[in-house]
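Have a look at the structure below, then the notes.
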Number of protein chains: 2
Amino acid sequence: MTGASEGAAGRPELSRGKVLQKALELADARGIAALSIRSLAQSIGTKPMSLYYYVANKEEILDGLVDLVFAEISTPQAGREWKEQMRRRAHSAREVLRRHPWAIGLLESRKVPGPETLKHHEATLATLRAGGFTVEQTARAYSLLDSYIYGFALQEAGLPVSGGEPMAQVAAPIMERFATGEYPYLVEIATQVVMQPDYDYGNEFGYGLELILEALKPASAG
Amino acid sequence: MTGASEGAAGRPELSRGKVLQKALELADARGIAALSIRSLAQSIGTKPMSLYYYVANKEEILDGLVDLVFAEISTPQAGREWKEQMRRRAHSAREVLRRHPWAIGLLESRKVPGPETLKHHEATLATLRAGGFTVEQTARAYSLLDSYIYGFALQEAGLPVSGGEPMAQVAAPIMERFATGEYPYLVEIATQVVMQPDYDYGNEFGYGLELILEALKPASAG
DNA sequence: AACAGCTTTCGTACACTGTACGAAAAAGCT
DNA sequence: AGCTTTTTCGTACAGTGTACGAAAGCTGTT
């Protein structure tokens, strides 16, 4: 009963899942740079080397994190209207990547996709195919949609967190260099759109997404 | 003459530019993970701590690298046909990011844009504005185009290098899990398009780009 | 020639990283 | 009880970024 499995008393009971879960929390809370084996072990309440029983190395933890993030993205359902399904998925993906911005940087160096990642891709492909896209059209549509989603998330991650007025903060130091009049168009866009009090870059996501969804079409020519 | 400046004899003559240049070469050759202060100093032919005279810390080196990469992207010219200019810029950006894939991951954590980056943005904005886009339309078009470019580069970076047949390599290990029949649509797209001998994912870039350029329009409604 | 004052180099040391190796402890089984 | 497998973790090592301060080199003035 009080074996290595179920924690009967106060035993926290370590497991691969718990390691990854805590790693995700730590990355969210303190940033991916602060995710070290030692800090992770401490936040779990164990010792550094104990983690290596559940995980081969740190790379494997990062792989697991990316897979966890993919698992959070809402899975589209084949058979339903493809456009609405893709819209839902895209917005969900953006939200997830905004919650875990560090995951974007991780994507660049990941080699093997995890099981949840594969499941997600499978469901997305199924939805497009069921929507009437040919195999080739599906490949292109998927590439286009995901490129937009990842790219938007990447740009969003390069901004100061998000909220009411942080745009003025990122713009201010740059504005000084602008005093020279070197960058009139950057000044224009900064003052006339970005620094407007109610401007939220996140809202631009929908614009580009709709434009792409509108232009995508199954059947006939590609 | 044999002062601290021009290297008259065999003196290599250190400088901030040289440090960044060598850092770029090292990152390209051995990957961003292999770029350490010590390895960089050695490749330059100096000692680690000497670099800190030209650079405040490693972060500043990474900032400089990103700016160097941006400098490589061909700058659009305002006044010329905006669509053609954006096409050129997009293809150039993709090529540059394929040469320096590590730069994509760096983008996520960069805080302040460098001078070359600003210059590039300025020129792009100028071209769109001159092409008849309003300020708001420019912001949206720019966001859409760059999201697509960065996202595509990000996905491309997650692939095995590039060449004739590496697609079969990334697909093979995954294919084993497919033997279970869990992922029929992934199998379909893998066998029917990705693993085709003459398939090159890079070619898909043009498709999405043209679709976006076609849908973008200046004037009237946004 | 000697000194002073820059600029530029770099040796040493410290705290921190991932993890190889192997010992120790705990749990399960006969 | 003992034996075996599973799970934990202490120690040690090579590598990281960089703070601090000493040294060296160069320039200009006397």
Side-chain angles (χ1 to χ4, degrees), chain A residues 1-24 26-27 29-66 102 105-106 109-111, chain B residues 1-24 26-27 29-66 102 105-106 109-111:
Chain A
M1 217 193 182
T2 338
S5 46
E6 299 303 320
R11 266 293 154 80
E13 179 220 355
L14 204 47
S15 73
R16 186 189 156 93
K18 191 148 218 155
V19 169
L20 293 179
Q21 183 56 43
K22 277 283 180 185
L24 185 110
L26 222 168
R30 302 220 218 295
I32 195 74
L35 177 66
S36 72
I37 297 290
R38 284 171 175 83
S39 67
L40 177 56
Q42 182 162 23
S43 97
I44 292 177
T46 181
K47 300 297 160 66
M49 291 312 289
S50 300
L51 303 183
Y52 285 95
Y53 183 74
Y54 300 97
V55 142
N57 46 44
K58 192 178 177 180
E59 273 294 286
E60 206 172 287
I61 295 182
L62 299 182
D63 286 345
L65 283 186
V66 170
W102 43 263
L106 248 38
S109 47
R110 261 356 73 186
K111 297 282 163 236
Chain B
M1 219 195 181
T2 337
S5 47
E6 300 301 321
R11 267 293 156 79
E13 181 220 353
L14 203 47
S15 74
R16 185 189 157 94
K18 191 147 217 157
V19 168
L20 293 178
Q21 183 56 42
K22 277 284 181 184
L24 185 110
L26 221 169
R30 301 221 218 296
I32 195 74
L35 177 66
S36 71
I37 296 290
R38 284 171 174 83
S39 67
L40 176 55
Q42 182 161 25
S43 97
I44 292 176
T46 183
K47 300 300 160 63
M49 290 312 289
S50 301
L51 304 183
Y52 286 95
Y53 184 73
Y54 301 97
V55 144
N57 46 42
K58 192 177 178 181
E59 274 293 287
E60 204 171 289
I61 295 182
L62 299 182
D63 285 345
L65 284 186
V66 170
W102 42 264
L106 248 39
S109 46
R110 258 359 71 187
K111 298 281 162 234

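Every chain is numbered from 1, with letters handed out A, B, ... down the list of sequences.
- Enclosure of atom CZ in A:R16 by more than 12 non-hydrogen atoms of other residues, nucleotides or ligands within 6.0 angstrom is indicated.
- Shortest non-hydrogen contact noted between A:W102 and A:L24 is CH2-CD1, 4.0 Å.
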Identify each atom pair where a protein N or O and an N or O of nucleotides 9-11 of chain D are less than 3.5 Å apart, giving names and distance.
{"unit_1": "D:dC9", "atom_1": "OP2", "unit_2": "A:T46", "atom_2": "OG1", "d": "2.6"}
{"unit_1": "D:dC9", "atom_1": "OP2", "unit_2": "A:S50", "atom_2": "OG", "d": "3.0"}

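- Between B:A34 and B:S39, the closest heavy-atom pair is O-OG, 3.0 Å.
- Distance from the side chain of A:Y54 is smallest for D:dT8 among the nucleotides D:dT8, C:dA13, C:dT19.
- Rounded to an integer number of Å, the gap from B:Q42 CD to D:dG15 P is 11 Å.
- Spacing between atom CD1 of B:I44 and atom P of C:dT9 amounts to 11 Å, rounded to whole angstrom units.
- Protein atom CD of B:E13 is 15 Å distant from nucleotide atom C1' of C:dT9, rounded to whole Å.
- For the pair A:N57 CG and C:dT19 P, the computed distance is 5 Å after rounding to whole Å.
- Tested against A:L40, the residues A:L20, A:T46, A:V55, A:L51 include a single side-chain contact (heavy atoms from CB on, under 4.5 Å) partner, A:L51.
- Under 3.5 Å, the side chain of B:R38 and the base of D:dG15 form no donor-acceptor pair of N or O atoms.
- Looking at heavy atoms from C-beta onward, B:R30 lies out of side-chain contact with B:L35 at the 4.5 angstrom threshold.
- No donor-acceptor distance shorter than 3.5 angstrom exists from the side chain of B:S50 to the backbone of B:A41, with no hydrogens or angles considered.
- Five base pairs at each end of the helix from C:dA1-D:dT30 to C:dC29-D:dG2 define two local axes, and these are offset by 20° (rounded to 10°).
- Atoms CD (A:E59) and C1' (C:dG18) sit 11 Å apart, rounded to a whole Å.
- Between the CD1 atom of B:I37 and the C1' atom of C:dT9 there is a distance of 15 Å, rounded to whole Å.
- Going from atom CZ of A:R16 over to atom C1' of D:dT7 covers 16 Å, rounded to whole Å.
- Taking side-chain N and O atoms only, A:Y53 has no distance below 4.0 Å to OP1 or OP2 of D:dT8.
- Side-chain contact between B:I61 and B:Y54: absent, with no pair of heavy atoms (C-beta onward) separated by less than 4.5 Å.
- Not counting sequence neighbours, the partners of B:S15 by the side-chain contact (heavy atoms from CB on, under 4.5 Å) test are B:K18.
- The two atoms that bring A:S43 and A:L26 nearest to each other are OG-CD1, 3.9 Å, heavy atoms only.
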